[in-house]
Amino acid sequence: MIPLTMAKSGETVTIQKISGKDEIRQHLAELGFEVGGEVTVVSEIAGNLILQVKDSRIALDKTMANRIMI
């Protein structure tokens with residue numbers, strides 16, 4: 001498993017694990033990030049990501065993206 005920040009632009013990946021405190025995992029779940037779900041990396045700037053999750057585009061900073069393992 002590697003952190004989501006290691007994925008390349010245009011790559012679609014499957015979430016294997018989400019780490020962090022319960023509040024953080026709950027927040028990411030509310031945004032649509034769930035284990036087994038697919039995420040597409042739209043773009044990456046300095047480790048910060050813009051992601052396509054289901055029908056939404058979401059920006060995540062490097063710290064949050066590192067909690068999502070693919």
Heavy-atom distance under 4.5 Å between the side chains of Ile50 and Val41, does that happen here? no
Look at the side-chain heavy atoms of Ile, Leu, Val, Met, Phe, Trp and Tyr, link any pair under 4.5 Å apart, and say whether Leu60 and Met1 land in one connected group. no
Would you mind writing out the side-chain donor-acceptor pairs for residues 23-32 within the sub-3.5 Å range, not counting sequence neighbours?
{"unit_1": "Arg25", "atom_1": "NH1", "unit_2": "Gly20", "atom_2": "O", "d": "2.7"}
{"unit_1": "Arg25", "atom_1": "NH2", "unit_2": "Asp22", "atom_2": "OD1", "d": "2.7"}
{"unit_1": "Gln26", "atom_1": "NE2", "unit_2": "Glu30", "atom_2": "OE2", "d": "3.2"}

Scanning both residues in full, the closest heavy-atom pair of Glu44 with Leu49 reads CG-CD2, 3.5 Å
Pairs under 3.5 angstrom only: tabulate donor-acceptor contacts from the side chains of residues 62-70 to other protein residues two or more places apart or in another chain.
{"unit_1": "Asn66", "atom_1": "OD1", "unit_2": "Thr5", "atom_2": "OG1", "d": "2.7"}
{"unit_1": "Asn66", "atom_1": "ND2", "unit_2": "Lys62", "atom_2": "O", "d": "3.2"}

Of all heavy-atom pairs between Phe33 and Ile18, which one has the smallest distance, and what is that distance? O-CD1, 3.5 Å
Name each donor-acceptor pair under 3.5 Å that joins a side chain in residues 8-16 to protein atoms two or more places apart or in another chain, with its distance.
{"unit_1": "Glu11", "atom_1": "OE1", "unit_2": "Lys8", "atom_2": "N", "d": "2.8"}
{"unit_1": "Thr12", "atom_1": "OG1", "unit_2": "Thr40", "atom_2": "OG1", "d": "2.9"}

Could you grab the distance from atom CZ of Arg57 to atom OG of Ser43, nearest 0.5 Å is fine? 8.0 Å
Across all chains, not counting sequence neighbours, the side chain to side chain donor-acceptor pair (under 3.5 Å) partners of Glu38 are none
